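Reviewing the structure listed below.
Note that the structure is a prediction, hence the values are computed from the model and not measured. A, B, ... follow the sequence lines: proteins, then strands. Residue 1 opens every chain.
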Amino acid sequence: MGEGKSNEQPGTTAASVDRRDFLKVTGTVAAAAALLPAVLRESTASAAPDPTEDDTDVVFIHSTCQMCHSRCGIKAKVLAGQLLKIDGNPWHPNNRGEDERLTYATTPAAARTQFGRLCPKGQAGVQTLYDPLRIQHPLKRVGARGSGRWETITWTQAFTEIAARVNALIPFSSRNTTNIDDGSVDLGKIANQLILSPGRSIEKSVSERVFKTAYGSVNYGIDHTSICEVSHHTGNEYMTLDHVTAAQGPNHFKTDMLKAEYMIVFGGNPVEANFPMLALARLNADMRDLARAGGPGRVVIVDPRFSNSAAKADTWVPIRPGGDSALALGMARVILGAGTYNAAYLRLANKAAATAATDSTYTDATWLVIVQPGHANQGKFLTAAEAGLSAPLDAANPVCVRDSDGVTIEAAVRGTSPAAAVGRLEPGAGSDTVVNGIACRTAFELYRGAVFEHSLHEYATLCGVSETTITTLATDFTSHGRKASAWTYRGAVQHTNGTYTQLSVMALNWLIGNVDWAGGLAKGGGGWSEVTATGGVDTAAVTGAPTRVGPRMDRAKGSVYNSTKSYYVGYPTPRPWFPFGSHGVFQELIPSIEDAYPYPAKVLFTYWNAWPYSVPGGKATWERTVSDEVKLPLFVAISPVMGEVAAWADYVLPDTTFLEKWSFPGGTPTILTKFTPFQQPVVGAYDGTVIGGTGTWSFNPTATNAYTPFLPDTMMYADILINLAKAISTSFPGVGASAFGAAGGLDRAWDMFKHQVNNAVINVGTSIGGAAITAADFIARGGAFANPGTSYDTANPNLLNSKYGGVLHFYVPAFATTTDSITGVKYRGTANWTPISHCNGVPVDDPAYPMQLVTYKSVLHGQGRTNVNPWLMVMQPQNYVDLAVSDARTLGIETGDRVRIVSVSNPSGVVGTARVIEGQRPGVVAVMHHFGHWEQSSRPHAVDGTATSFDQSRGSGLTVNPVMRLDDYLGNVSLQDPIGGSVSFNDTRVRVEPAS
Amino acid sequence: MPQFGWNLDLRRCVGCNACAVACKAEMNTPPVQSPMTVRYGKAVAVNYRMVYTVDGGAYPAPTRTFVTMSCNHCASPACMPACPVGAITKDAATGIVRIDDAACIGCRYCEWTCPYGAPQFNEASGKVEKCSGCAHRQAVGLAPACATSCPARALDYTADFTGGTGTPPAGFADPSLTVPSIRFP
């Protein structure tokens, strides 16, 4: 199987370079060598290796990686101000297991010779920093948009001109008093016509301070989550919604893999692409070591592809793409039929009952839901008042039928101190329970009803997994007590039925009651806040902040559509509204600007954004829209490289890499212990002094710390935002002198991050090992990390130390009582099977296109940005069109053949190289993401009349986003989940044909 | 005589290539700069450690094994007698097999004789290079860079290798040929 060799030489890409291009490519090497530190010149065997860790001239700086979203700890090895190498942070729980990571008390001196583990992307980060094709000065467009012609300008000119153009379009002084449309005042004020779209942002504390709080735009951050896995988040948030406080619980749960006996992953790739890959790969190996030793530790991967994770699992379930919900519902049907769910747990109707049962969470399984047709509150939980309870703790209390007698209606949750309530799961025994004349069913009955809408045979057909396999999975899942769990990621939820898929999979967990249990499902250890602290500085507070009103451009995240609004036009609306799109709807940004709905845009700022490259079907809509200066009068891209977004901007402001900025990156629930990681520059200069310039260098937290990046005419994102705000107005709230009141001003990034470091240090207090930590401790270690061995509850080691402890819903009243803005039909409150559909509810049916397209990610590449890293490109220089052996045989295609992929939405299609493999479900076409760039230094631009250096190999391979299915009703956007707002990456029907 | 060697649990290996990139990061092997240097239509790449993916089986029961491999610093290295200029030596203090870059004439005989594909020809320098066992790190008490990077803790090293190879993966050369210093569980 030669084609499976990972260590491919890059001949496929370079071979296509003709002689003329070859000369061009090699001609750029001189520029490369000029940027590269002398110590990093390519070695031969005789070259002296890097100085070792005992060299006293070497300085180590601990920070956080951003080559992907795992945010692992890094240890930067710096000599004379030059980054030599990146290793893992030995204190960080991503980078080392509980048995080998350092205690916080371990000194930085002792840690010099300690290495955390680090993936190939992280190690290649040095090449992101020293990429010779980075943008080195601010650029202003001199040709038409997208023409690739630029002039170099100064930062002063950039800020001055951009501010003047922003203010001409949206006068600063009236930004929050002038209506966008006097005829439709609910659209809000003109501040909303300024949009920030950060693809990835871990600097929200700065960007939201500037654009959300101080400027007052509702469009302060239309970010990428909907092209990642947002329906997974949305499902979790509403299944953990506390209906008393309206607080949402964790949006991300993961298996406690230290003690798990069984883990089934729907559409996730833990040892490759899910995050944090470092920890997941280590823990996956630990689980399977146990299994080999005859113990538990079974891993099941549900994926149409035989991913590396599937290769390292006990069971691979090659599912039909989009069928994950059917598989989970099929498993539920088996479990409910066999009665193998944890009924004792499900009967716990409130926290008091959970506590009495030495449990942590409880569910809504026994709560009554009004199903009376025509009742004003149909679809909501029956309240104590509606039930006619006398002297209830709280009139709005949901109620259940007391299990012990099957008759008494009692209040479940709300109120100051409700008694333990243990309810009956199915009081109606197939009929409605009528309370005070109101017909009701329990949440569990409604869930069971939805599960039983289809037979096991139907579910098997829908998901393409046999009834026998579904039954085996269900039996195994319920054979490990609390130490089994199921979770999803991108592959399962980036479908039009994504939120329902999340509900279907998570309900399996509720059935066995595994949340907060050792070996079950964990919300993660969490971290200490940096935003504010008692005795610290509230870094979110802004004096003189205006009020924000109106819907967002993507009509998500709290945007309200109902008949009380001036923009209400009934159903259908011109474009969909996303009342549950709690993380925004990234793919709606450009189509909405094109349609000027709900209002016209005026200014767009982007940061870390690759919209036309990364959004399915986005390229054509992007080019139509951003080339139109009426629809988008001003467009500023903040980007370190000339990517697919920056190429169309009016101004490109070159920010720094992740190795040259501060942030508080946060963590993931795979880590059970508490930690607050820190990101800080590892090269550059503070107040003119080079970082790591000498072996005795150390960071001084009390200095001004004005930061100069490695490329001195680039600028840290936070500094760009601060300067931009000050240029827009000398009275811009929240920045400048006394921005933090008595605690000082905000004129440069450190002015804010110094307070956040102090806040984190205050909040940590003495909770790590009993001794107070200092800012110096925090900075030297790259954050604060609870010591190893703090994963479990010391009082009850069967439970996790960090608990969710709240309600888990089978039923989401908010969904069931909300009308879809296109179909005019209400959503459903429980898990259910819903076919893949256009936004108007019409199922996707492209009979002339017999195959289904899916995409996936590699461990060697991160999103769309690692084509600049030679070490990664040489390991994996291009992608392929992966075809199952049986399909390839039918199509007459062999490995290496050029093939074309076409769809209804893109009949001319895209072309790539076929790779025929056994490890793929027949009928599926799979293409790795990361490749097929048409910009990002893969072609020359003209700056100041001179062609820029480029590297054609950065455009190797193909991207299939341009063939993905557009929504028939909307036309200019991909298929999407109407509830969570997920873009659909995996629902496009295609045809594959030889490309001559 | 002390013998440096590898302990490698391929059951834990996830094929991520962290070891291969760690080697490049430590040794600065090509391609370091960007754009990559091209010779004869190919990017010049020298990898002392490589990860191979071995696919097998048939749908719906495919198999995939990852194998990471570098120089095994054999007790009886085949490369050493194959070198016509005596550029390859075995260090008495560590058992590490080394190529003297100054002596190497780039004839590539070592490359042909090694059953593990360890010697790598550098198209730019015209010489053969390979894993040094991170001798410079071992000299100050540090583990080789590949071993410290491995996310799944599949790869480790020992400065005092004894015993046999255990159960090598399919396709691994007969250990009796060169007596490689690598052990599989």
Is there a donor-acceptor pair under 3.5 Å between the side chain of Lys130(B) and the backbone N or O of Gln120(B)? no

For Ser956(A) against Met873(A), the heavy-atom pair lying closest together: OG-CE, 3.6 Å

Is [X] salt-bridged to [Y], cutoff N-O under 4.0 Å?
X: Arg282(A); Y: Asp99(A); result: no
X: Asp131(A); Y: Arg954(A); result: yes
X: Asp50(A); Y: Lys85(A); result: no

Report the option among Ala145(B), Cys16(B), Ala152(B) that has the most heavy-atom pairs separated by less than 4.5 Å from atoms of chain A. Cys16(B)

Measuring heavy-atom distances to chain A, does [X] have an atom under 4.5 Å in its side chain, in its backbone, in both, or in neither?
X: Thr63(B); result: backbone
X: Lys24(B); result: both
X: Ala147(B); result: backbone
X: Val140(B); result: side chain

Toward chain B, the part of [X] with a non-hydrogen atom under 4.5 Å:
X: Asn95(A); result: neither
X: Val885(A); result: neither
X: Ser938(A); result: neither
X: Leu118(A); result: backbone

Residue Tyr109(B) excluded, over 12 heavy atoms near OH under 6.0 Å: no

Neighbour count >12 (heavy atoms, 6.0 Å) for atom CZ, Arg98(B): no

For chain B, find which of [options] contributes the most heavy-atom pairs closer than 4.5 angstrom.
options: Lys77(A), Gln920(A), Lys121(A), Glu272(A); answer: Gln920(A)
options: Ala311(A), Ser937(A), Pro870(A); answer: Pro870(A)
options: Glu100(A), Gln114(A), Arg288(A); answer: Glu100(A)
options: Asn308(A), Val859(A), Thr113(A); answer: Asn308(A)

Stepwise, does the ring pair (Phe, Tyr, Trp, His ring centres under 6.0 Å) test hold for Trp6(B) with Tyr157(B)? CA-CA 4 Å; Trp6(B) 306 107; Tyr157(B) 88 113; 7.3 Å; no

Run the ring-centre check on Phe306(A) versus Tyr59(B) and record whether the distance is less than 6.0 Å. no

